[in-house]
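Contents: one structure, followed by commentary.
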Amino acid sequence: MARLEGLTTTPAVTRVAPSPTGDPHVGTGYVALFNWALAKRTGGRFILRIEDTDQARSRSEHEGAIIDALAWLGIEADESPRAGGDYGPYRQSERGEIYADHCGQLIEKGAAYRCFCTSERLAEMRAAQKAAKGQMGYDGLCRSLTAHESASRAADGEPHVVRLAVDKSGVTRFTDLLRGEIEIQNREVDDQVLLKTDGMPTYHLANVVDDHLMGVTIIMRAEEWIPSVPKHVMLYDAFEWSAPTYAHVPLLRNADKSKISKRKNPTSILWYRDEGFLPEAMLNFLALQGWRPNEDRELFTTEEFVAEFDPHAISTGGPVFDMTKLEWVNGEKIRELSPDELASRLTNGGFAEGWTRDEVLGVLPLFQERLKRLSEFLDQSRYIRETVEPDMEGLRKKTKKVEPALLATGLREAAEVLTSMAGKSHDEQEAALRAIADRHEFKVGALFMGLRIAITGAMASPPLLPSVDAVGAEESARRTLALVEQLAATA
RNA sequence: GGUCCCAUCGUCUAGUUAGGUCUAGGACACCAGGUUUUCAUCCUGGCAACCCGGGUUCGAAUCCCGGUGGGAUCACCA
C-alpha cells in the first residue's frame, strides 16, 4: 500500500485521544498500543490527550481510570494531563481559547460561518430530508447571512454554532497508510459544526487544531473515522497547515463481526485486569489482532513488539475478539513467570485472598500449569484450605468394577498409609498404595481416584501426593475415612 | 438508503506491494494418539480456507472489472 519510507526510523509523534465517558475501553488500549509502540520505537513522543469537550457525558473519574488502565498495560504517555508536557494543556476542556481563536480565523477567512438555526429547525429539516429520501445534512440557510448581520447577531448574544463552509464541488483525496488513496465527493461532506453553542469545539475542530499544535506526525485511529477525514483535510487546508499521515486501523469485532460492544463482549480493561489477565498477555493478544512478528510466532514480549512494530504491517480486516485465544496467551504468560513473580501477582492483585505470599508460593507448583486466569486460583486451591464436597457420582462411575466393601477396605488402609508414611518420598508412598490395590485385586486407578475425590473433592485435580502434602497427612486421612463412611451410608 | 472501508481454515493470520517456489504455511479451538493414578502441562498426528462470476496472462489467492457478503458512517458524541 502507501509505503512510507523512514516511517520506522524518523521520530514519530503519535497520540491517543480518548473521551472520558466510560470505563477504559479495550479499543482505546488497542489503538494506544500501536501509537505508543511507534513513538517508542522511533524515539518520538506519545501523547495522551483527553477529549472531554462533551460536557454532558465527560466525567473526571474516567480520565484517571483511563490513564491508569493504559499504564497497567505498560503504556505510559510522554505527555498527558498527568505527565504534563510542552504542548499542554492536554485536556481539551482547558483549551477553549485556543479553539475559539482558531475558529475566529476560519470565520475571517470565510472557511466557516455562524449558524443561528435552532435545534427545532434542524430537526424539521432532517425529518423533511428523510421523508424525501434526499441528501442529508445542513441545508446552508445561515451561510447566506452577510458578514455584518452574522457579526451583529452574535454580538447581541444570539445563541449560535460555527459551521465549516464546505465547497460542495469537487472531491477530497487523501492517502491512508494501510488502505491507499481514498476519495470522497465533497457533496457528501456536511457543513460540520465546529464550535458548539456552549463554546466548546466538536471533535473535528479540536482534533485538527490540537494535532497540529502538538506536532503530531501520524494519526493512527479506528477506521470508523475514515468518513470524516475530508472535513479534517479541509480544515488543514483552511489553516494552511500540512496534514499528518493517516493510518486507520481496523475495529475490534464481536463474534457477529459488528463493532465490539459491551453487550456482546467485556469491553472494559478493568474487567480483564480483575479477571486475572496479565497485562503483558493482554498487550500481546491485542497486538496480535492485526499485527504479527515477521516469523511465525504469536508470543512475544512487549519489548520485542516495540522493537519490531511497523504500522505498514497492520492488516485491514476487522478482527473478531476471541476470548479463548486470549486465555491461551494468558496461560502461556502465566507459565513463563517465575513462581516468585507469579506468587506476587496473585497476592498483589487480590487473587489470593486469605493467603500470604509464602503460602501461595508453597502450593504454586500444583497450579501454575493449570491457570488460565489468575482469578481461578482461589477456586482451584479451595480444597487445600477446606473440605470440599466429594463428587460421589463421579466416584461411583470411576469405581464401578470394584466391590464397594473392598474399595472401603482399601481406602481405610490407604488412609493408614498416608499418616504412617508421611514425610517419606512420593515414590515410596505410591508403592505402598499400589500394594494395597494389588492385595485386594482391584485397579490401582480406582484406589487413587477414591483418594483423589476424598481429598480434593473432584475427579480432575492437581497431583495426588503433592496435594496430600499441602492438605496435611492427618487431614487427608480424615477426609478419606469420611468418604468411606459416606460410601457406606449411601450403599 | 447514500457514501466509504473490508473480504484466505470456525477464529487470529502468512502469502497480495515486485503473478509461477502455494498439491495455500503457522497459531488458537476441535478431534485422535502418546506421556501421566485424574486434570493440566508436554509431544505426535488429523480436520479445516483463497466469497462468486468474468477478464488479462503460458500461468492468478495474488492484477482488472462486475456482482455478493460483512462492517463503518451519515449528531451542537467522540
Side-chain angles (χ1 to χ4, degrees), chain A residues 1-3 17-21 51-54 56-58 115 117 119 122 126 130 133-137 159-163 176 178-180 182-185 187-190 192-198 200-204 206-207 221-230 248 250-251 253 255-259 285 288-292 294-299 312 315-329 331 335 366-372 380 394 398 430 433-434 437 443-453 456 458-465:
Chain A
M1 271 297 105
R3 270 210 99 81
S19 243
T21 54
E51 309 228 332
D52 56 349
T53 56
D54 183 345
R57 295 198 308 148
S58 294
C115 172
C117 291
S119 49
L122 259 21
R126 286 194 190 103
K130 203 170 177 186
K133 294 186 177 173
Q135 174 101 30
M136 299 296 289
H160 63 275
V161 300
V162 176
R163 289 180 183 275
D176 183 279
L178 308 177
R179 300 156 201 273
I182 296 173
E183 56 172 58
I184 293 174
Q185 297 295 325
R187 74 177 110 82
E188 303 290 338
V189 183
D190 196 12
Q192 182 60 235
V193 170
L194 300 177
L195 211 59
K196 301 184 260 189
T197 309
D198 66 3
M200 279 287 174
T202 57
Y203 171 86
H204 308 281
N207 150 296
R221 69 213 332 172
E223 65 176 324
E224 60 186 330
W225 290 107
I226 293 176
S228 54
V229 174
H248 289 89
L251 243 15
R253 311 294 182 99
D256 64 5
K257 301 276 191 186
S258 58
K259 167 169 142 181
F285 170 76
L288 229 32
Q289 306 301 291
W291 183 85
R292 60 175 31 220
N294 276 323
E295 324 110 74
D296 268 334
R297 180 167 65 111
E298 33 285 309
L299 295 172
H312 293 290
S315 53
T316 45
V320 171
F321 192 98
D322 182 4
M323 190 73 75
T324 308
K325 185 137 185 182
L326 205 212
E327 285 188 325
W328 170 74
V329 174
R335 271 167 253 131
L366 306 223
F367 304 104
Q368 184 156 15
E369 66 187 20
R370 267 166 261 272
L371 292 173
K372 289 207 286 268
Q380 288 188 12
K398 288 291 181 183
E430 184 177 335
L433 291 170
R434 281 178 183 278
K443 280 250 168 71
V444 288
L447 183 70
F448 280 108
M449 188 49 82
L451 281 172
R452 172 179 304 285
I453 289 176
T456 72
M459 291 195 291
S461 51
L464 184 61
L465 269 4

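Order of the sequence lines fixes the chain letters, A, B, ..., with proteins taken first and strands second; residue numbering starts at 1 for each chain.
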For [X], answer base if it contacts any base atom (sugar-phosphate contacts may also be present), sugar-phosphate if it contacts only those atoms, and nothing otherwise; contact means non-hydrogen atoms under 4.0 Å.
X: A:S228; value: nothing
X: A:P18; value: nothing
X: A:S19; value: sugar-phosphate
X: A:R434; value: sugar-phosphate
X: A:L433; value: nothing
X: A:G290; value: sugar-phosphate
X: A:T53; value: sugar-phosphate
X: A:V193; value: sugar-phosphate
X: A:W291; value: nothing
X: A:L464; value: base
X: A:E183; value: sugar-phosphate
X: A:S461; value: base
X: A:P250; value: nothing

Judged by atom type as modelled, is there a donor-acceptor pair below 3.5 Å linking the side chain of [X] to the main-chain atoms of [Y]?
X: A:D190; Y: A:G137; result: no
X: A:T202; Y: A:V193; result: yes
X: A:K259; Y: A:E224; result: no

Watson-Crick or G-U wobble partner for [N], using a 3.5 Å limit on both distances?
N: B:A40; answer: none
N: B:A48; answer: none
N: B:U17; answer: none
N: B:U73; answer: B:G2
N: B:U62; answer: none
N: B:U56; answer: none
N: B:G10; answer: B:C28

For the side chain of [X], counting heavy atoms from C-beta on, which of [options] is nearest?
X: A:T324; options: B:A29, B:U38, B:A78; result: B:A29
X: A:E298; options: B:A27, B:C76, B:U38; result: B:A27
X: A:E369; options: B:C6, B:A40, B:A14; result: B:A40
X: A:R335; options: B:U41, B:A78, B:C39; result: B:U41
X: A:R292; options: B:U3, B:A75, B:U13; result: B:U13

query: Is any side-chain heavy atom of A:R297 less than 4.5 Å from a side-chain heavy atom of A:R292?
result: no
I'd like to check A:I182 versus A:V229 (side-chain heavy atoms, cut-off strictly below 4.5 Å). Are they in contact? no
query: Could A:K325 and A:E298 be called an ion pair, given the rule that one side-chain N must be under 4.0 Å from one carboxylate O?
result: no
[M] and [N], which share atom name [atom1], separated by this distance in whole Å:
N: B:G55; M: B:U62; atom1: P; answer: 14 Å
N: B:A27; M: B:U44; atom1: P; answer: 10 Å
N: B:U57; M: B:C64; atom1: P; answer: 16 Å
N: B:A40; M: B:G1; atom1: P; answer: 49 Å
N: B:A78; M: B:G69; atom1: P; answer: 34 Å

Practice problem: Classify the side chain of A:K325 versus the base of B:A27 as yes if they form a donor-acceptor pair under 3.5 Å and no if they do not. | Solution: yes
Between the side-chain atoms of A:T197 and the base atoms of B:C76, is any donor-acceptor pair under 3.5 Å?
yes
Would you say [X] places a side-chain N or O within less than 4.0 Å of OP1 or OP2 belonging to [N]?
X: A:R126; N: B:A75; value: yes
X: A:K443; N: B:U38; value: no
X: A:K259; N: B:U73; value: yes
X: A:T202; N: B:A78; value: no
X: A:K257; N: B:C6; value: no

Taking the six-membered ring for Trp, are A:W225 and A:Y203 parallel (under 30°), tilted (30 to 60°) or perpendicular (over 60°)?
-> parallel
Worksheet entry | A:K372 NZ: over 12 foreign heavy atoms closer than 6.0 Å | no
